[in-house]
Amino acid sequence: MERNTEGSPGNKALFLDLVGTLVALDETRQLPLGPDGAIRLVLMPNVAARLAPERDRLVFVVTNQAGVARGRLSLAQLEQAMAELDRLLGMVLTGWRICPHDEGDGCPCRKPRPAMLLELAADYGVDMAASLMVGDQEVDRQTAANAGVGGFAWAADFFGWNVS
Ligand SMILES: [Mg+2]
Ligand SMILES: [Zn+2]
C-alpha cells in the first residue's frame with residue numbers, strides 16, 4: 001500500500017509523540033541507548049497494528065530530543081532511527097519533526113510549543129481542527145491545544161494498553 005506523502009487542503013493528520021507512545025522509554029524517560037551508544041527502538045504494544053489502517057491519513061511523529069543539545073545522541077542518529085521506526089511500522093509515516101533543543105534554548109519547536117506541528121500543517125495542508133494528536137504526557141496534550149489540533153488521545157487509550 002502507498003503511504004500518503006502528498007497532502008492536500010482539508011487533510012486530516014495524526015500527530016504522534018515518540019518516546020513512551022510509539023517506542024519504549026528508559027528509566028530517565030529518554031530513548032534507550034545500547035552500550036555502544038546506538039539507539040534501541042522497542043515498539044510499544046499494538047502500535048504497528050493500530051497504525052496500519054491510518055495510512056489514508058497524514059501520519060507524523062513529533063518529538064522533543066533535548067539529548068541532542070546535551071550531547072547524549074546526534075541528530076544523524078535520530079534521523080536514522082526514525083527511518084528504522086518507519087520500517088518497523090510498515091512505512092506508515094508521512095514524515096517527522098525532531099526538536100534537538102534544550103529547555104533553555106527558547107526555540108519555537110520544543111513541545112508544548114507548536115512550531116513542529118504548524119510547519120507540518122503548512123507543508124501538507126493539514127486541517128488541524130479535524131486532526132488528532134496521541135501522546136503519553138501532559139506536554140503532548142498542551143502541544144495539541146497550542147497548535148489548534150482538534151483532538152487528543154492518550155497513548156494508552158489509543159493503542160489499547162488499558163484493555164485487559
Ligand atoms: Mg512521550
Ligand atoms: Zn526546538
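These figures come from a predicted structure and were not determined experimentally. Positions are given from 1, in the same order as the sequence printed here. We count ligands from 1, going down the list as the structure has it; atoms in each ligand are counted the same way.
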Specify whether Trp161 and Phe159 have parallel, tilted or perpendicular ring planes, treating 30° as the upper limit for parallel and 60° as the lower limit for perpendicular.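 Trp161 vs Phe159 ring planes: parallel.
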Please tell me whether Asn162 and Asp157 have a donor and an acceptor in their side chains that are separated by less than 3.5 angstrom. yes
Where do [X] and [Y] come nearest, in terms of heavy atoms and distance?
{"X": "Met133", "Y": "Lys111", "value": "CE-CD, 4.3 Å"}
{"X": "Asp86", "Y": "Leu93", "value": "OD1-N, 3.1 Å"}
{"X": "Glu84", "Y": "Leu41", "value": "CG-CD1, 3.9 Å"}

Under a single-linkage definition using a 4.5 Å side-chain heavy-atom cutoff for Ile, Leu, Val, Met, Phe, Trp and Tyr, are Leu14 and Leu43 assigned to the same hydrophobic cluster? yes
What residue pairs, at least two apart or across chains, pass ring-ring contact (aromatic ring centres under 6.0 Å, His included) with a residue in residues 59-81? Phe15-Phe60, Phe60-Tyr124
Near the Zn ion (ligand 2), meaning under 2.8 Å, how many protein N/O/S atoms are there? 4
For the residue pair His101 and Cys109, establish whether any side-chain heavy-atom pair is separated by less than 4.5 Å.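 A side-chain contact exists here, since the closest heavy-atom pair is under 4.5 Å.
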Keeping to distances under 2.8 Å, can you name the protein N/O/S atoms close to the Mg ion (ligand 1)?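 Near the Mg ion (ligand 1), the protein supplies Asp17 OD2, Val19 O, Asp136 OD1.
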Could I get the full list of salt bridge (Lys or Arg N to Asp or Glu O under 4.0 Å) partners for Glu27, not counting sequence neighbours?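 In terms of salt bridge (Lys or Arg N to Asp or Glu O under 4.0 Å), with neighbours along the sequence ignored, Glu27 is linked to no residue.
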